[in-house]
Structures are given as structure tokens and as C-alpha cells.
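Reviewing the structure listed below.
Position 1 is the first residue of the sequence, and the numbers go up from there.
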Amino acid sequence: MTATPDASTEKFACLVRTRAHPGRGDELIKGYAPVFAQVSEEKATEVFTLSRSVDDPDLFFCFEIFSSRADFDAHRAHALAGDALDALNAATAEREYVWGIPVWSKD
């Protein structure tokens, strides 16, 4: 992967660390259903992987790669519109985001 001079055309990455309320990990996964449906239809969402900790069933991390920052912004705006995330938010105790520009990846 090579950098481009125009940051608006670079791929954009998002890492989300999420902790479910105690004992609500399975409920958190079910709450992601609207997100899974959304990203399945988005060509610009190149990678979307939700993983569960092997040591803590209430701890998750999600890794996402988008074709550009603009595509990420559009994805996020759509995800936050309406009440589709109510079940996910109800199961979530805490959430932390890290956003960045990929500097290398295995294709």
C-alpha cells in the first residue's frame, strides 16, 4: 500500500473496542445485526470484522477498513441515523474508537 498526496482518497481504518454490560455479550452481537446488514451493502466498506475476546466474553473489538475517509463518514452517518442501534447501545457498557490511515497491509 502506498500513500497518496491527497488524504481524502486514502483508505481509512477504524478500530472499536467495546465492552458489553456484564453477561450481555451475546446480546451485543445480536445488536450488531443492523450494522452487519448495512456493511454487507456498502462497496466502500472493504473490511468489517467483529471479534470476541477469548478471555472475556463481554469484550469485543471491531476492525474496519473503508475506501476513504468520506466513505467512513457516510457509513457512520447512516449507522447513527434513526434507532437501528438502540439494542446495540443498550447492551454496551463502554466503547472506545481509534481512527487512522493504514500504512501497510497484506493484500
Side-chain angles (χ1 to χ4, degrees):
M1 177 180 298
T2 58
T4 60
D6 178 4
S8 66
T9 62
E10 291 181 341
K11 292 186 186 296
F12 192 78
C14 180
L15 176 66
V16 185
R17 180 190 166 279
T18 304
R19 177 169 296 284
H21 288 289
R24 294 178 69 180
D26 290 341
E27 190 178 328
L28 187 138
I29 294 169
K30 289 177 186 173
Y32 262 98
V35 180
F36 298 152
Q38 176 186 337
V39 299
S40 294
E41 299 298 320
E42 294 174 339
K43 290 182 181 182
T45 302
E46 298 179 13
V47 173
F48 188 97
T49 304
L50 178 65
S51 299
R52 186 179 224 167
S53 169
V54 296
D55 299 318
D56 182 346
D58 292 329
L59 181 61
F60 297 83
F61 59 98
C62 183
F63 187 68
E64 308 166 50
I65 298 283
F66 299 88
S67 298
S68 70
R69 174 62 191 255
D71 292 316
F72 166 76
D73 290 341
H75 159 83
R76 187 166 167 83
H78 182 267
L80 294 175
D83 59 3
L85 299 183
D86 285 356
L88 174 60
N89 291 332
T92 300
E94 61 186 67
R95 190 178 293 131
E96 176 185 2
Y97 298 91
V98 179
W99 293 293
I101 304 295
V103 295
W104 188 90
S105 67
K106 178 181 174 185
D107 291 330

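Ion pairing between Asp73 and Arg69 holds under the 4.0 Å rule for side-chain N and carboxylate O. A salt bridge links Arg17 with Glu94: at least one charged nitrogen is closer than 4.0 Å to a carboxylate oxygen.
Val54 and Phe60 sit in two unconnected hydrophobic clusters of ILVMFWY residues. Membership requires side-chain heavy atoms under 4.5 Å apart, directly or through other members. When the side chains of ILVMFWY residues are joined at heavy-atom separations under 4.5 Å, either directly or via intervening members, Val39 and Phe63 end up in two distinct hydrophobic clusters. Val47 and Val103 are assigned to two separate hydrophobic clusters, defined by single-linkage of ILVMFWY side chains at heavy-atom distances under 4.5 Å. Residues Tyr97 and Leu50 fall into different hydrophobic clusters, defined by Ile, Leu, Val, Met, Phe, Trp and Tyr side chains chained together at heavy-atom separations under 4.5 Å. Phe12 and Ile65 are members of different hydrophobic clusters when ILVMFWY side chains are connected at heavy-atom separations under 4.5 Å.
Separation of atoms CG (Leu85) and OH (Tyr32) is listed at 9.0 Å; rounding is to 0.5 Å. Residue Glu27 holds its CD atom at 10.0 Å from CG of Leu88, rounded to the nearest 0.5 Å.
Checking Ser67 against Glu46 by side-chain atom types alone, a donor-acceptor pair falls below 3.5 Å.
The shortest non-hydrogen separation linking Pro34 to Ala84 is CG-O, 3.2 Å. Closest of all the heavy-atom pairs between Asp58 and Gly23 is OD2-N, 2.7 Å. Nearest heavy atoms, Cys62 versus Glu64: SG-OE2, 3.6 Å. Of all heavy-atom pairs between Cys14 and Trp99, the closest is SG-NE1, 3.4 Å.
Ring orientation note: the planes of Phe72 and His75 are tilted relative to one another, at an angle of 30° to 60°.
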Inset, instruction - Start with the C-alpha distance between Asn89 and Arg95, add both sets of side-chain angles, then the distance that settles side chain to side chain contact (heavy atoms under 4.5 Å, CB included), and finish with yes or no. - result: CA-CA 10 Å; Asn89 291 332; Arg95 190 178 293 131; 3.2 Å; yes
Inset, instruction - Please test Arg52 against Ile29 for side chain to side chain contact (heavy atoms under 4.5 Å, CB included), starting from the C-alpha separation and ending with a verdict. - result: CA-CA 9 Å; Arg52 186 179 224 167; Ile29 294 169; 3.8 Å; yes
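With contacts defined as side-chain heavy-atom distances shorter than 4.5 Å, the pair Lys11/Asp71 does not qualify. In this structure, the side chains of Phe61 and Val16 stay at 4.5 Å or more apart for every pair of heavy atoms.
Cation-pi geometry between Arg76 and Phe66 is not met at under 6.0 angstrom from the ring centre and within 45 degrees of the axis.
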